[in-house]
2 protein chains.
Amino acid sequence: MNKVSSPLAVSLSARPLHAKDALVIARVCSALSDPVRLRLFDLVRRAGAAGVCSCDLTEPLDRSQPTISHHLKVLREAGLVESRRDGTWIWYSATPKVFAVVTNYLSSVS
Amino acid sequence: MNKVSSPLAVSLSARPLHAKDALVIARVCSALSDPVRLRLFDLVRRAGAAGVCSCDLTEPLDRSQPTISHHLKVLREAGLVESRRDGTWIWYSATPKVFAVVTNYLSSVS
DNA sequence: TAGATATATTGACAGATGTCTATATATCTG
DNA sequence: CAGATATATAGACATCTGTCAATATATCTA
């Protein structure tokens, strides 16, 4: 149980958390450290593989369009969501792979 | 799978993440959003129930004593660690309960 | 009580962050 | 091409954050 079993696993191992691994996890946690961004991510992930149009994300979060755009960029750069253009608008969907790092680490606590 | 199964669960339910729940999760994520603080928390949790003396946390993280003290305060206020005094020094230990909220939410992604 | 040690607080400062308005860019449609 | 719509970028600003040196507080011991 205290054994690293996959390349992505940063769970509770024998050695303390390396500075390098800490950066990866902190990066994801940082992306989720803002309430608005967290709810934004929540809206994206519930949309599943199909994704959600960016135009449907501004109004429910009560923030300006540039602010939402900014938050989406942060989520994208953290590897939590990805986007694809479809004509005039852009669809965002969650990319849960990055979560493996964080959940592997966090879940080993409880 | 999209079902809330426990009182603490803020997992992927029928409704979007409330602003209130988002605050709770964001608060924890925020506490873990700094690499130094993340490694600090890691050192505390590996100490188990016995905890670790604050005096042993400054050197391995290469930060000044006030800085470590500050980070420990942030972790404490986020509910991630608790402290008890034993004479001149203070022992910190992890309080994994708060994690339930975050891990329940995050783990429902992958 | 006085000195030593451990931890917390204060105050400062540079850099990051969330937000907005204004503007730019990209794409579609007529 | 011209107008409309969707998204991104730039710039500004107030607030927050990580860090340190200096200092205060708490506790032990002689």
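By convention in this document, chain letters (A, B, ...) are assigned in the order of the sequence lines, proteins followed by strands, and residues within each chain are numbered from 1.
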Query raised in the report: Is there a residue in residues 67-74 of chain A whose heavy atoms reach under 4.0 Å of DNA chain C, and which residues are they?
Result: T67(A), H70(A), H71(A)
Query raised in the report: Hey, does R63(B) have a side-chain heavy atom less than 4.5 Å from the side chain of V36(B)?
Result: yes
Query raised in the report: Do side-chain atoms of S30(B) reach the backbone of R27(B) as a donor and acceptor pair under 3.5 angstrom?
Result: no
Query raised in the report: Taking DNA chain C as the partner, which of residues 80-91 of chain A come within under 4.0 angstrom of it by heavy atom?
Result: R85(A), G87(A), T88(A)
Query raised in the report: Does some side-chain heavy atom of L32(A) sit less than 4.5 Å from a side-chain heavy atom of R37(A)?
Result: no
Query - Which atom of R46(A) lies closest to which atom of P16(B), heavy atoms considered - result: NH1-CA, 3.3 Å
Requested in this report: Check L43(A) against V52(A) and note the closest heavy-atom contact, atom names and distance.
Outcome: O-CG1, 4.3 Å
Report summary line: So the contacted stretch of DNA chain C, first to last nucleotide with an atom under 4.0 Å from a non-hydrogen atom of chain A, runs from dG18(C) to dC28(C)
Query - For G51(B) against S93(B), the heavy-atom pair lying closest together - result: CA-CB, 3.9 Å
In a table with atom names and distances, give each donor-acceptor pair under 3.5 Å that connects a side chain of residues 72-91 of chain B to protein atoms at least two apart or in another chain.
residue	atom	partner	partner atom	Å
R76(B)	NH2	Y92(B)	OH	3.3
R84(B)	NH2	A50(B)	O	2.7
R85(B)	NH1	G87(B)	O	3.1

Query raised in the report: Residues two or more places apart in sequence or in another chain: which of them pass side chain to side chain donor-acceptor pair (under 3.5 Å) with T67(B)?
Result: S64(B)
Requested in this report: Would you indicate whether the side-chain heavy atoms of L40(A) and D34(A) approach each other to under 4.5 Å?
Outcome: no
Query raised in the report: Between the side chains of D42(A) and Y105(B), is a donor N or O closer than 3.5 angstrom to an acceptor N or O?
Result: yes
**Report entry** Near-strand residues of residues 51-62 of chain B, defined as heavy-atom separation under 4.0 angstrom from DNA chain D
**Finding:** none
Query raised in the report: Is the shortest heavy-atom distance from the side chain of Q65(B) to the side chain of S69(B) under 4.5 Å?
Result: yes
Query raised in the report: What pair of heavy atoms forms the shortest contact from P35(B) to A22(A), and how long is it?
Result: O-CB, 3.9 Å
